[in-house]
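Owing to the predicted nature of the structure, the values given are computational and were not obtained by experimental measurement. Below, chains carry the letters A, B, ... as their sequence lines are ordered, and counting in each starts from 1.
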Protein chains: 2
Amino acid sequence: MKELLYLKDDQLKDLIEKIFVGYRETFSDSKKILDKYSIGLAHQKVIHLLSMYEGISISKLLAKLKVTKQSLNRVLKDLIKLEIIVFKKDEIDTRIKHVYLNEKGKKIFEEIFLLQKKRIYNALLDSSSEEVINFDKVLKKIING
Amino acid sequence: MKELLYLKDDQLKDLIEKIFVGYRETFSDSKKILDKYSIGLAHQKVIHLLSMYEGISISKLLAKLKVTKQSLNRVLKDLIKLEIIVFKKDEIDTRIKHVYLNEKGKKIFEEIFLLQKKRIYNALLDSSSEEVINFDKVLKKIING
DNA sequence: ATAATATGTCAATATAACTTACCTATAATG
DNA sequence: CATTATAGGTAAGTTATATTGACATATTAT
């Protein structure tokens with residue numbers, strides 16, 4: 001954007017609203033499935049990360065979620081009750097706990113993801129690969145702020 | 001993306017995580033200012049929309065926020081106590097209430113926005129105008145699902 | 001031996017939202 | 001004019017998610 005010399009506040013406000021709405025809609029499509037298993041948005045996020053990062057440690061999960069361990073533990077306890085996660089101690093450093101979705105957990109994730117990904121999938125399908133690459137690029141820059 | 005024939009689940013998972021992180025970071029930069037006025041994220045969103053849509057009606061505000069009116073009213077009462085919003089009845093249909101930020105409200109919004117926009121501003125500044133246009137395009141497609 | 005790290009837990013509180021129910025005022029429509 | 005719809009408000013109780021602060025245990029690193 002250097003060539004434009006300025007970025008108008010109105011454009012920035014508009015983008016901020018869109019980031020909010022995009023997030024909200026992306027994480028509300030799968031609500032029916034969450035209700036089916038009596039879990040919520042916090043559980044969905046944890047399951048999502050467990051699917052992406054199999055065997056992630058508690059501290060890394062905390063770092064990705066940016067919540068306190070008290071908050072995360074409530075969610076993990078619910079997922080244990082649901083019988084969808086398992087833990088394995090690190091073989092070298094036994095303080096570290098690795099968290100995994102079991103088969104049931106993976107199935108439930110697929111149920112959630114099937115609904116959630118539709119919105120993104122359709123948006124990308126309707127875009128050129130360059131548009132998609134640029135979307136990803138800018139989003140990454142926003143995150144790395 | 002039609003030319004690619006498929007979109008991998010891993011790419012979609014990654015984007016969904018980024019959408020979450022992008023939202024969270026975008027709405028956490030201004031926390032210090034919110035604390036200063038003893039308000040929270042819900043208030044920030046309302047103030048943001050009032051800055052974008054001056055004189056918006058209650059029902060349109062509700063539609064944009066997608067919350068219940070009980071929830072919105074808690075926030076509006078706090079903003080009234082803070083003395084930063086005013087109402088004007090619609091001249092034609094007096095059932096309709098238009099909501100405005102007053103001068104104090106506009107100043108507080110600017111304080112919040114100054115911190116919040118930096119992240120987006122820098123990301124856009126570091127991008128080509130085509131990247132920015134494509135980011136906006138894809139985000140719009142995600143929203144309009 | 002001591003300090004740091006990884007994790008867990010108890011208790012209290014805060015924030016933002018929800019459901020259910022009911023209310024007033026005004027406008028639109030037959 | 002009577003009825004219905006719309007715009008908005010309110011009360012009570014509840015839920016979801018997160019916080020702070022304090023403390024505890026096991027293990028690893030120095």
Side-chain angles (χ1 to χ4, degrees), chain A residues 20 23-25 27-28 30-49 55-82 85-100, chain B residues 20 23-25 27-28 30-49 55-82 85-100:
Chain A
F20 159 55
Y23 160 76
R24 185 188 61 201
E25 298 304 309
F27 280 85
S28 62
S30 43
K31 196 169 178 307
K32 282 166 202 159
I33 304 293
L34 300 182
D35 287 348
K36 179 178 161 190
Y37 295 105
S38 299
I39 55 179
L41 183 57
H43 306 81
Q44 174 176 7
K45 285 174 185 168
V46 168
I47 292 169
H48 189 95
L49 292 176
I56 190 173
S57 69
I58 299 289
S59 59
K60 282 185 180 166
L61 206 42
L62 285 171
K64 288 204 176 290
L65 290 165
K66 284 204 189 176
V67 296
T68 58
K69 54 186 173 170
Q70 293 90 327
S71 196
L72 174 59
N73 266 336
R74 175 190 67 96
V75 174
L76 291 180
K77 276 175 185 168
D78 291 340
L79 299 183
I80 291 167
K81 268 188 199 155
L82 247 185
I85 58 171
V86 290
F87 301 104
K88 279 186 203 162
K89 280 201 172 184
D90 187 280
E91 289 185 357
I92 296 161
D93 186 340
T94 60
R95 291 173 305 181
I96 298 170
K97 252 168 80 171
H98 298 283
V99 194
Y100 298 84
Chain B
F20 158 54
Y23 160 76
R24 184 189 61 200
E25 298 304 309
F27 280 85
S28 64
S30 42
K31 196 171 179 304
K32 281 167 204 160
I33 304 295
L34 299 182
D35 287 348
K36 177 178 162 189
Y37 295 105
S38 300
I39 56 180
L41 184 56
H43 306 80
Q44 174 175 7
K45 285 175 184 169
V46 169
I47 291 170
H48 189 96
L49 291 176
I56 191 173
S57 69
I58 299 290
S59 57
K60 283 186 180 166
L61 206 42
L62 285 172
K64 288 203 177 290
L65 291 165
K66 287 207 186 173
V67 295
T68 59
K69 52 186 173 169
Q70 293 88 331
S71 195
L72 175 59
N73 267 336
R74 176 189 67 95
V75 175
L76 291 180
K77 276 175 186 169
D78 291 340
L79 299 183
I80 292 167
K81 267 187 200 157
L82 247 184
I85 59 170
V86 291
F87 301 104
K88 278 186 204 164
K89 280 201 171 183
D90 187 280
E91 289 186 358
I92 296 161
D93 185 341
T94 61
R95 291 173 304 179
I96 298 170
K97 253 168 80 170
H98 299 282
V99 194
Y100 299 83

**Q** So Y23(A) and Y23(B), would you call those rings parallel, tilted or perpendicular, with 30° and 60° as cut-offs?
**A** parallel

**Q** For the atom pair CZ (R24(A)) and CG (L65(B)), what is the distance rounded to the nearest 0.5 Å?
**A**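 Atom-to-atom, R24(A):CZ and L65(B):CG are 7.5 Å apart.
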
**Q** If you look at every strand shown and take non-hydrogen atoms under 4.0 Å, does I92(B) touch a base, only sugar-phosphate, or nothing?
**A**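 If one applies the 4.0 Å heavy-atom cut-off, I92(B) turns out to touch the sugar-phosphate alone, with no base involved.
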
**Q** Closest to the I96(A) side chain: dA18(D), dA6(C), dT9(C)?
**A**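 For I96(A), the side-chain atoms sit closest to dA6(C).
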
**Q** Hey, is the side chain of K69(B) pairing donor to acceptor with the base of dG9(D) inside 3.5 Å?
**A**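 Result: at least one qualifying N/O pair found.
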
**Q** For H43(B), report the nucleic acid contact type (base, sugar-phosphate, nothing); a contact means any heavy atom under 4.0 Å.
**A** sugar-phosphate

**Q** In this structure, how many angstroms lie between the C1' atom of dA16(D) and the CG atom of L65(A), rounded?
**A**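 In whole Å, dA16(D) C1' lies 15 Å from L65(A) CG.
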
**Q** Please state how far atom NZ in K77(A) lies from atom C1' in dT7(C), giving the value in whole angstrom units.
**A** 12 Å

**Q** Please check: side-chain N/O of S30(B) versus main-chain N/O of I33(B), any donor-acceptor pairing under 3.5 Å?
**A**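 A pair under 3.5 Å: no.
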
**Q** Ignoring backbone atoms, test whether S59(B) places a side-chain nitrogen or oxygen under 4.0 Å from the OP1 or OP2 oxygen of dT6(D).
**A** no

**Q** Closer to the 5' end of DNA chain C via nearest nucleotide, is it N73(A) or D93(A)?
**A** D93(A)

**Q** I want to verify a distance call: between dA27(C), dA16(C), dC18(C), whose nearest atom is closest to the V67(B) side chain?
**A**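 So the nucleotide nearest the side chain must be dC18(C).
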
**Q** Considering every strand and a 4.0 Å limit on heavy-atom distances, what is the contact class for K60(A): base, sugar-phosphate, or nothing?
**A** nothing

**Q** Counting distance alone, no hydrogens or angles: does the base of dG21(D) have a donor or acceptor under 3.5 Å from a partner atom on the side chain of Q70(A)?
**A**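 Check passes, donor-acceptor contact within cut-off.
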
**Q** Classify the nucleic acid contact of K66(A) as base, sugar-phosphate or nothing, counting any heavy atom under 4.0 Å across all strands shown.
**A**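 It contacts sugar-phosphate atoms only.
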
**Q** Ignoring hydrogens and angles, are the base of dT6(D) and the side chain of R95(B) linked by a donor-acceptor pair under 3.5 Å?
**A**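 Such a pair is found, so the answer is yes.
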
**Q** Report the distance from atom CD1 of I39(A) to atom C1' of dT17(D), rounded to the nearest whole Å.
**A**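 In whole Å, dT17(D) C1' lies 14 Å from I39(A) CD1.
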
**Q** Please give, in whole Å, the distance from dA16(C) P to L41(A) CG?
**A**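 Going from L41(A) (CG) to dA16(C) (P), I get 15 Å.
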
**Q** Nearest 0.5 Å, please: how far is OG in S38(B) from CG in D78(B)?
**A**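 Reported to 0.5 Å precision, the distance equals 9.5 Å.
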
**Q** Would you mind reading off the distance between D35(B) atom CG and dA14(C) atom P, rounded to a whole angstrom?
**A** 14 Å

**Q** Within the 4.0 Å heavy-atom criterion, would you say T94(B) contacts the bases, only the backbone, or no part of the nucleic acid?
**A** sugar-phosphate

**Q** Within less than 4.0 Å of OP1 or OP2 of dA16(C), is there a side-chain N or O belonging to R74(B)?
**A**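 Checking R74(B) against dA16(C): at least one side-chain N or O falls below 4.0 Å of OP1 or OP2.
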
**Q** Whole Å only: how far is the CG atom of D90(B) from the C1' atom of dA25(C)?
**A** 14 Å

**Q** Establish, with yes or no, whether the OP1 or OP2 oxygen of dG8(D) is under 4.0 angstrom from a side-chain nitrogen or oxygen of K89(B).
**A** no

**Q** Please round to the nearest 0.5 Å and tell me the distance separating atom CD1 of I58(B) and atom CZ of F87(B).
**A** 5.5 Å

**Q** DNA chain D: S71(A) or S57(B), which has the more 5' nearest nucleotide?
**A**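 Counting from the 5' end, the first nearest nucleotide belongs to S57(B).
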
**Q** In whole Å, I'd like the distance from the CG atom of L62(A) to the C1' atom of dT7(C).
**A**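 Answer to the nearest Å: 9 Å.
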
**Q** Taking for each residue the nucleotide of DNA chain D with the nearest heavy atom, is it G40(A) or I58(B) whose nucleotide lies nearer the 5' end?
**A** I58(B)

**Q** Name the closest nucleotide to the T68(A) side chain, picking from dT19(D), dA7(D), dT19(C).
**A** dT19(D)

**Q** Report the distance from atom NZ of K31(B) to atom CD1 of I39(B), rounding to the nearest 0.5 Å.
**A**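 So the NZ of K31(B) and the CD1 of I39(B) are separated by 11.5 Å.
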
**Q** Take atom CG of D78(B) and atom C1' of dA17(C), then tell me their distance rounded to the nearest Å.
**A**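 One finds 14 Å between C1' of dA17(C) and CG of D78(B), rounded.
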
